[in-house]
*Asks:* 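After the structure tokens below, expect a handful of questions from me.
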2 protein chains.
Amino acid sequence: MKYNLAKDKFIQTWGTLGSSWGISRTMAQVHALLLISPEALSAEEIMADLKISRGNANMTIRDLMGWGLVFKELRAGDRKEYFIAEKDIWKVAKQIIKERRKREIEPVLAVLEELKKIEGAKDDKKNKAFVEAVTNIESVVEKADFALDRAIKLDENALVNALFKLFK
Amino acid sequence: MKYNLAKDKFIQTWGTLGSSWGISRTMAQVHALLLISPEALSAEEIMADLKISRGNANMTIRDLMGWGLVFKELRAGDRKEYFIAEKDIWKVAKQIIKERRKREIEPVLAVLEELKKIEGAKDDKKNKAFVEAVTNIESVVEKADFALDRAIKLDENALVNALFKLFK
DNA sequence: AATATCTTTCAAATATTATTGAAAGTTTAG
DNA sequence: CTAAACTTTCAATAATATTTGAAAGATATT
């Protein structure tokens, strides 16, 4: 396979994966492009390479920086901004876990906690089923949250070694 | 909070969470409704409760059954089909992990493996960066895949105990 | 201060995805 | 066999999400 073909296939695979995980296709594609790029790229280059508009490129890069996955690189004597991705995939994974925990898990836990305070007779069938469902969900979500919180505090090798031992 | 309000809030929270995880809002809502419902519901009841069309209800229920999260319940002397959700949230989580592993992780690993076979000089800067990125991603994805594969083979308590020990 | 270079914004356009509803299909009962 | 009861399909429609591009905003240069 030729470089350009492989590159396109990688970008498109990453894009598809992204969109099934709540990340926009373009965001995943820009990330993919930067991941395999040996040097930082300007907005101009990203636009040209992925054939996307200036506005889209700008917003997408902004989002990626918001997720802590992409960084600006400034060059002396050059007014353009260049962008480079974090190349350590374990760091990338940790960063994504961290952000999604904050953005999605925490608010859901808060709502679940609230919902358990439902009024009404505890022996009402519906109420009982409701509180049970919410309590169970909360318990599993909390455990997952706990595990993820710890996972992101370990480095890749420590975690992997521990998991290997765990699942021996 | 009154039951109906709590119920709506739960359904809507689950729906929002679903849509940020690549599951359609309606699918998550139907799942939420069945999760808190003490008995199986007919398509008719689901349509009425969530105010969705017959077609939508049918397709969504079908999808949920495809994910192994919802089951048919037939009643003697009744031609209607009733639907009930798996209430054990740990089983639900395992089922989702299992399906996503099969539907998303496995195909991506196959593509990554393919992409490493890129032609060209190994010392070309671009090629080198490409193969490195792909190799690193593959390694992290494989480890995650391994961990998830083992996780779904344990029961909730065994896993949680092990994790607690791990992160002591 | 005027111009050039680059970045940001955002309303409008486009593309994608989800939903509806009526018609067709299926199964059971009489 | 025919009707009734229910389920499934799918083309049309609606809703949502993404993308564009031109204008406005910055910031540096002359």
*Asks:* Check for a donor-acceptor pair, side chain of A/N58 on one end and backbone N or O of A/R54 on the other, with a separation under 3.5 Å.
*Replies:* no
*Asks:* Just the rounded figure in Å: distance from P of D/dT19 to CZ of A/R62.
*Replies:* 17 Å
*Asks:* Base, sugar-phosphate, or nothing for B/E81, non-hydrogen atoms under 4.0 angstrom?
*Replies:* sugar-phosphate
*Asks:* Establish, from distance only, whether the side-chain atoms of B/E138 and B/T135 form a donor-acceptor pair under 3.5 Å.
*Replies:* no
*Asks:* A/N58 has a side chain; which of D/dT7, D/dC10, C/dT8 sits nearest to it?
*Replies:*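 Given the options D/dT7, D/dC10, C/dT8, the side chain of A/N58 is closest to C/dT8.
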*Asks:* Here's a test of your reading of the structure: between A/S53 and B/K80, which maps to the more 5' nucleotide of DNA chain D?
*Replies:*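 Its nearest nucleotide being more 5', the pick is B/K80.
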*Asks:* Considering only side-chain heavy atoms of B/R25, which listed nucleotide, D/dT19, D/dT16, C/dT20, is closest?
*Replies:* D/dT16
*Asks:* Want to settle it: does A/D78 or B/M27 sit nearer the 5' end of DNA chain C, counting the closest nucleotide to each?
*Replies:* A/D78
*Asks:* Can you identify which nucleotide, out of D/dC6, C/dT19, D/dT20, has its nearest atom closest to the A/I52 side chain?
*Replies:*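 Nearest to the side chain of A/I52 among the choices is D/dT20.
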*Asks:* Salt-bridge test for B/K9 and A/E114: reply yes if a basic N is under 4.0 Å from a carboxylate O, no otherwise.
*Replies:*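 Looking at A/E114 together with B/K9, the answer is no, because their closest N to O distance does not fall below 4.0 Å.
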*Asks:* The side chain of A/M59 lies closest to which of these nucleotides: D/dC10, D/dT7, C/dC10?
*Replies:*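 Nearest to the side chain of A/M59 among the choices is C/dC10.
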*Asks:* Go through it in stages, so that I can follow the logic: the residues are A/E45 and A/F83, the test is side-chain contact (heavy atoms from CB on, under 4.5 Å), and I'd like the CA-CA distance, side-chain angles, deciding distance and then a yes or no.
*Replies:* CA-CA 10 Å; A/E45 292 167 307; A/F83 303 96; over 6 Å; no
*Asks:* Would you compute the distance between atom NE2 of B/H31 and atom CD1 of B/I23 and round it to the nearest 0.5 angstrom?
*Replies:* 9.0 Å
*Asks:* Around atom NZ of A/K116, are there more than 12 heavy atoms of other residues, nucleotides or ligands at under 6.0 Å?
*Replies:*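 More than 12 heavy atoms, drawn from other residues, nucleotides or ligands, come within 6.0 Å of this atom.
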*Asks:* Tell me the interatomic distance from A/L74, atom CG, to C/dT7, atom P, rounded to whole angstroms.
*Replies:* 10 Å
*Asks:* Atom CG of B/N56 and atom P of C/dA22: how far apart are they, to the nearest Å?
*Replies:*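 Whole-Å distance recorded here is 15 Å.
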*Asks:* Closer than 4.0 Å, any side-chain N/O of A/S24 to the OP1 or OP2 of D/dA17?
*Replies:*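 Answer no for this pair, as no side-chain N or O of A/S24 is under 4.0 Å from OP1 or OP2.
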*Asks:* Do the non-hydrogen side-chain atoms of B/F71 and B/E86 ever get within less than 4.5 Å of each other?
*Replies:*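 They are in contact (side-chain heavy atoms under 4.5 Å apart), so the answer is yes.
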*Asks:* Whole Å only: how far is the CG atom of B/L41 from the C1' atom of D/dC6?
*Replies:*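 So the two atoms are 17 Å apart, to the nearest Å.
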*Asks:* For the pair made of CD1 in A/I23 and C1' in D/dT18, what is the distance, rounded to whole Å?
*Replies:*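 Atom CD1 in A/I23 sits about 15 Å away from atom C1' in D/dT18.
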*Asks:* Can you tell me the distance, in whole Å, between the NZ atom of A/K51 and the P atom of D/dT20?
*Replies:* 12 Å
*Asks:* To the nearest angstrom, how far is B/D63 atom CG from C/dT19 atom C1'?
*Replies:* 13 Å
*Asks:* Tell me the interatomic distance from B/M47, atom CE, to D/dT7, atom P, rounded to whole angstroms.
*Replies:* 10 Å
*Asks:* What is the per-nucleotide protein-contact pattern of nucleotides 23-30 of chain D, from the 5' end, where B denotes a base atom under 4.0 Å from a protein heavy atom, S denotes such proximity for sugar-phosphate atoms only, and - denotes neither?
*Replies:* ----BB--
